[in-house]
Amino acid sequence: QRVYIPLTDIYETGDLYSLKMEMPGIKKENLDIVIDENELRITAKRGSSEEKGNLKFSEYSDRDYYRVFKIGYDVDRNRVDANLDKGILTLKLYKSEEVKPKKIQINQAN
């Protein structure tokens, strides 16, 4: 069985990590996203083609996707958003409040 590694872009801001992955043909019910300890695992099953008939030639194959990322403990495991739209999976992994930059207020004595 062939498993494809989806192309991924990862962005970081002060508040979150954002991942964009190409997963054409995937339906949300066939997608599984799990955070376990310091791993983010993404698996998806495309399933078999819906075309009927005697296949004579094929350049298109059904794909199952699999990708694992190591994540730090700065990611808030309770604040992860996932969106699947037109074959693009977008994940937002929010940073824990403890690791976000904090501006220190300076008091002035008169």
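Throughout, numbering of the chain's residues begins at 1 and tracks the sequence.
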Exercise: identify the closest heavy-atom pair between Y66 and V3:
CB-CG1, 3.2 Å

For the pair S96 (side chain) and D74 (backbone), establish whether a donor and an acceptor sit closer than 3.5 Å, ignoring hydrogens and angles.
yes

Before accepting this row, confirm whether a basic side-chain N of the pair E39/R41 lies closer than 4.0 Å to the acidic partner's carboxylate O.
yes

L19/L93 under side chain to side chain contact (heavy atoms under 4.5 Å, CB included): CA gap, chis, key distance, verdict:
CA-CA 8 Å; L19 289 78; L93 294 97; 3.2 Å; yes

At their closest point, which heavy atom of K95 faces which heavy atom of G14, and how far apart are they?
CD-O, 3.5 Å

Is there a donor-acceptor pair under 3.5 Å between the side chain of R79 and the backbone N or O of R77?
no

Flag yes if L31 and I88 sit in one hydrophobic cluster, no otherwise; membership is Ile, Leu, Val, Met, Phe, Trp, Tyr, and two members link when side-chain heavy atoms are under 4.5 Å apart.
no

Heavy-atom closest pair (K45 atom, D64 atom, distance to 0.1 Å) is CA-OD1, 3.3 Å

What's the separation between atom CD1 in I33 and atom NZ in K28, rounded to the nearest 0.5 Å?
11.5 Å

Side chains of Y94 and N78 only: does a donor on one sit below 3.5 Å from an acceptor on the other?
no

Find out whether I71 and Y17 are in side-chain contact, i.e. whether some heavy atom of one side chain is under 4.5 Å from a heavy atom of the other.
no

How long is the gap from CG on D76 to CG on D15, to the nearest 0.5 Å?
12.0 Å

Side chain proximity check, T13 to L16, heavy atoms < 4.5 angstrom
yes

Side chain of D9, backbone of M21: donor and acceptor closer than 3.5 Å?
no

Which heavy atom of M23 sits nearest a heavy atom of L89, and at what distance?
SD-CD2, 3.8 Å

Distance check, rounded to the nearest 0.5 Å: N83 atom CG versus K20 atom NZ?
8.5 Å

Heavy atoms only: give me the nearest L91-A82 pair and the separation to one decimal.
CD2-CB, 3.4 Å

Do you know which two heavy atoms are closest between Y65 and E22, and how far apart they sit?
CE2-O, 4.0 Å

